[in-house]
2 protein chains.
Amino acid sequence: MKSITQNLPKCQDCAVRKSALFGELETDHLNKARELRSHQIVIPAGEHLYHEGDESDKAFTIYSGWVSLFKNLEDGNRQILRFALPGDFLCYKMGKNKTLDHSAIALSEVTLCAFPIDRFHTVISELPELAFAISAMTELVTERCHTVLTSIASHTAEAKVAYLLLSLYLRERVLNKTEEKCVQFPITQEDIGDALGLTSIHVNRVFQSLRKQGLIECKSKCLWVPDKAKLAVVAKVSLPELERLMCK
Amino acid sequence: MKSITQNLPKCQDCAVRKSALFGELETDHLNKARELRSHQIVIPAGEHLYHEGDESDKAFTIYSGWVSLFKNLEDGNRQILRFALPGDFLCYKMGKNKTLDHSAIALSEVTLCAFPIDRFHTVISELPELAFAISAMTELVTERCHTVLTSIASHTAEAKVAYLLLSLYLRERVLNKTEEKCVQFPITQEDIGDALGLTSIHVNRVFQSLRKQGLIECKSKCLWVPDKAKLAVVAKVSLPELERLMCK
DNA sequence: ATAAGTTATAAACATAGATTAATTTTTGCG
DNA sequence: CGCAAAAATTAATCTATGTTTATAACTTAT
């Protein structure tokens, strides 16, 4: 883990800002908010950002890279709660209880913008816009959690996998404006199983089937969805609704 | 649906206050916050509180009764997201997007304290404590959602049912201080199935088994758990952690 | 008190997905 | 480049849960 405190990139130039916490703030508010940022952190793939049970004293915005948020189970398995992508705001709790209910691990090399939490609190008191912006993000995460719960509880394995792949594909597509047909996709079939409550073996079976149907192309950490509408049908979700939810 | 605007009960005497939104506010703040309340609403069992897609213009604290929050699926089924009990705060969104992502229906006769949302916003700006209190509740709901997701995704039907029954039993126990061994439990086996992604028939099989093991007694809208620790083992959850999460 | 609608229970059968175990392919590293 | 570890793939078997169909026990309203 490497800390960077000099020559930080400017928030107003940041590629992920529009989809991040400060996305809706006016420029003058932005300058005030930016002062909150203390440093950037670079974390190699596989390393923890924080552990379940830790007290949060920093908040992070992901600048680049993918993160997995999960709970460890008594039987040695883990339940992945969600995958966090650039622009996502992690590890901040406004309430008095600062104990974190889950762990976070870097799936690829990750760069974070870090904010000391105590400064945050005082600024929020003066800047209600920031409180509203944070709450808006929390509400979005909760809505996403509701749709994931729905997908996991009431659909087949094929629909669940299709739902997860499509969600992540849509998010990555808006973040990364390149013209390449594939987007980066740094998770394994086992990660997908841990997120959906399926074995990696069954995830593999579903992958074969989705590939045969021409719904996905996926290898070596890359994903391409030739026809999003078709995959949405298999995922049993309305594509416009999913786009709204995933791309803000 | 009946509206009450006269002789409302006082917040400082309210039986559910300590577990509700204003629970952590000081008395002087409380008086300010209480002015937000416009009226009480009584809703008969089976009637909707609001529908998915509605724009929220009021917020509610449940004063008495149980509510089911759910999404309707294309195949005619519904996914219950959670059951809301007295003290729960519903239907408020701080962010700009006021569209509700789920519906709510009364499971028993429900009395609500209603707050017009526009007044709320201005008060929050002046009273950061209220913003923190609301966020603390949202964070609690999110953590509960994480544990439900975990239970649904990675445990057996027996563990899921045990988890849900124990959660609700613990919540109802702290709300209702009576000495009766049973607590009210106004939901059907089908509701439980809709919450956990199981058929009501399989929920029934699990009920038989839990009863045979002496882990629950449940009939005519009442529930008794003779040994919470034993049920927690079946639910694959740590009882102290669940008690913290469910009883605040 | 009776009828009508819900909710719970029961049993037989079908299947999606888990489990186990082995093999192949890809990735990362010295 | 070549090795070791991780990830993906395949196949055989097993089991938890869904499906279907019926009936019984409650609730609620007339």
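Excluded from the calculations below are hydrogen atoms, water molecules and symmetry mates; all remaining heavy atoms, backbone and side chain alike, are included. Please read all numbers here as calculations on a predicted model, not as lab measurements. Numbered from 1 within each chain, the chains take letters A, B, ... in sequence-line order.
Against DNA chain D, the stretch residues 69-80 of chain B makes no heavy-atom approach under 4.0 Å. Within residues 181-189 of chain A, the residues that place at least one heavy atom under 4.0 Å from DNA chain D are, in residue-number order, T188(A), Q189(A).
Within the structure, a side-chain polar atom (N or O) of N204(A) is placed less than 4.0 Å from OP1 or OP2 of dT9(D).
In this structure, E74(A) places its CD atom where more than 12 heavy-atom neighbours from other residues, nucleotides or ligands lie under 6.0 Å away.
Between the CG atom of L107(A) and the P atom of dA7(D) there is a distance of 11 Å, rounded to whole Å. Distance F207(B) CZ to dT17(D) P: 15 Å, rounded to the nearest Å.
With hydrogens and angles left out, the side-chain atoms of Y92(A) and T138(A) include no donor and acceptor closer than 3.5 Å.
Ion pairing between D101(B) and R244(A) fails under the 4.0 Å rule for side-chain N and carboxylate O. With respect to D194(A) and K71(A), no salt bridge is recorded, no charged nitrogen being found less than 4.0 Å from a carboxylate O.
Nearest heavy-atom pair, S154(B) versus L73(A), reported as atom, atom and distance to 0.1 Å: OG-CD1, 3.5 Å. Counting all heavy atoms, side chain and backbone alike, V67(B) lies closest to A104(B) at CG1-CB, 3.9 Å.
In this structure, G197(B) reaches the sugar-phosphate backbone alone: every heavy-atom distance under 4.0 Å involves primed, P, OP1 or OP2 atoms, never a base. Backbone-only contact: T156(A) has heavy atoms under 4.0 Å from sugar-phosphate atoms and none from a base.
Evaluation of the ring pair (Phe, Tyr, Trp, His ring centres under 6.0 Å) rule for H155(B) yields no partner, not counting sequence neighbours. Residues satisfying the ring pair (Phe, Tyr, Trp, His ring centres under 6.0 Å) test with F115(A), not counting sequence neighbours, are F22(A), F120(A). Taking the salt bridge (charged side-chain N to carboxylate O under 4.0 Å, His left out) definition, one finds that K181(B) meets it with E217(B), sequence neighbours left out. Among residues two or more places apart in sequence or in another chain, the salt bridge (charged side-chain N to carboxylate O under 4.0 Å, His left out) test is passed with D88(A) by R82(A), R171(A). Listed by chain and number, the residues in a side chain to side chain donor-acceptor pair (under 3.5 Å) with Y63(A) amount to none (sequence neighbours excluded).
Taking a heavy-atom distance under 4.0 Å as the criterion, the stretch of DNA chain C touched by chain B extends 5' to 3' from dT7(C) to dA12(C).
Screening F83(B), Y169(B), W66(B) for a ring pair (Phe, Tyr, Trp, His ring centres under 6.0 Å) with F185(B), the sole residue that qualifies is W66(B). Of the residues listed (K230(B), Q208(B), E158(B)), the one engaging Q213(B) in a side chain to side chain donor-acceptor pair (under 3.5 Å) is E158(B), and it is the only one.
Among residues at least two apart or in separate chains, side chain to side chain donor-acceptor pair (under 3.5 Å) pairs with a member in residues 46-55 of chain A are Y50(A)-H102(A), E55(A)-T99(A). For the ring-ring contact (aromatic ring centres under 6.0 Å, His included) condition, no pair includes a residue of residues 186-232 of chain A, sequence neighbours left out.
Direction of the helix axis in the helix from dA1(C)-dT30(D) to dG30(C)-dC1(D) shifts by 60° between the two five-pair termini, rounded to 10°.
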Summary of protein contacts for nucleotides 19-30 of chain D, nucleotide by nucleotide, where a base hit scores B, a sugar-phosphate-only hit scores S (4.0 Å, heavy atoms): BBB-----S---
